[in-house]
Amino acid sequence: MGCDALVAFEPENLFYMTGFWGEAIGILDKNGCTIVSPELEMGRAKVESTDCDVVKSERGKGSIGTVINKLQKNKVCTDSDSYGIVSSLKKSLPKVESSTEPFYRAREVKDSKEIAILQKASSILDEMYEMCVDTMMIGQTETQLQTILMQYGMERGMFATGYKSTLNPLIIAGGPNGSLPHAQVTDRKFKSGDMVVVDLTLRYQGYVSDATRTFGVGKVSDEAKKVYEIVRQSQEAGLKAVKPGVSCKSVDDNCRNVIEKKHYGRFFIHSTGHGIGLEVHELPNIGPSSKAVLSKNMAVTVEPGISIPKKFGIRIEDSVIVGNKVNVMHKFTKELITV
Ligand SMILES: [Mn+2]
């Protein structure tokens with residue numbers, strides 16, 4: 001994009017540039033990186049960042065004024081789309097572009113250190129599915145299960161992602177609630193016959209792993225068992241398609257075809273998957289209209305689902321690393337488990 005300097009306002013991008021997650025502004029150019037930090041964040045910024053200059057916002061000028069002083073470059077690219085920020089940058093600098101593109105594209109392919117963190121995060125989620133098997137029971141509420149799982153995860157270094165579109169850290173949705181892909185956790189009690197969607201999305205050392213399993217409770221219907229098997233086959237078909245050089249659309253097609261052939265196509269109401277990393281949803285998107293192509297070491301999810309309104313929902317999701325042989329980071333079974 002011809003950027004001479006990148007200016008990051010979003011904590012994810014600041015962290016990616018500098019190792020520091022907080023309220024400050026990151027600048028990256030050929031000479032390295034600089035953090036412009038308000039006084040309140042100076043202590044942490046100095047300790048947590050690596051190979052960066054940390055400078056304090058100048059009093060009276062504010063952070064933006066300090067940033068502008070450091071940026072006498074030709075073209076400056078920023079992740080901010082705030083009108084106030086972009087217009088102050090434009091007033092003082094010759095060429096400013098507001099685009100998240102360079103940041104997301106840099107973050108799309110993971111290095112070995114990032115993959116190791118994602119793998120660790122994924123293993124903890126697997127342990128949480130073991131917890132589900134051990135603790136889920138008829139009469140337990142979604143909220144109670146969420147509390148048990150969050151305590152387990154947080155004691156092992158997991159954090160809520162802060163994903164803005166849902167209020168709860170996890171998605172635990174039993175019976176008819178499961179037909180809402182982004183259901184809020186409620187005080188509904190699990191009862192015999194329920195399918196329970198357990199979508200775990202948690203952050204570990206900055207990085208987010210995302211997985212979903214659907215459990216049966218008590219005696220589940222033949223229809224639910226049949227639909228479970230369709231979703232399982234669809235997810236398997238999606239995983240098989242994941243390879244470097246393959247279009248994201250074709251991964252979505254592979255999943256969707258299995259479900260459409262069994263006449264449940266209109267109940268598959270979301271995309272097949274998305275990139276994961278410092279945010280829950282990053283590039284590439286894996287959906288019917290994606291233009292992206294997979295590359296080695298991208299981290300993505302494969303998560304087909306069937307949502308039958310007011311009845312039940314079933315979704316199976318793994319976070320994977322793209323490679324000649326796909327690395328499925330979750331080992332917890334995808335056979336139907338009934339508790
Ligand atoms: Mn997901």
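When a residue number appears, it is its place in the shown sequence, counting from 1. Atoms within a ligand are numbered from 1 in the order they appear, just like the ligands themselves. Side-chain atoms are counted along with the backbone in the values below, which use heavy atoms only and exclude waters and symmetry mates.
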Under 2.8 Å from the Mn ion (ligand 1), can any N, O or S atom of His274 be found?
yes
Does Gly287 offer a backbone N or O that forms a donor-acceptor pair with the side chain of Arg256 under 3.5 Å?
no
Are Val242 and Ile316 joined in one hydrophobic group, where the rule is that I, L, V, M, F, W and Y side chains link up if heavy atoms are under 4.5 Å apart?
no
salt_bridge(Arg188, Asp194) N-O dist < 4.0 Å
yes
Looking at Glu317, pick out the N, O or S atom nearest to the Mn ion (ligand 1) and give its name.
OE2
Hey, what's the angle at the Mn ion (ligand 1) spanning OD2 (Asp210) and OE2 (Glu303), nearest 10 degrees?
150°
Within the 3.5 Å criterion, strictly below it, is a donor on Glu317 or His330 matched to an acceptor on the partner's side chain?
no
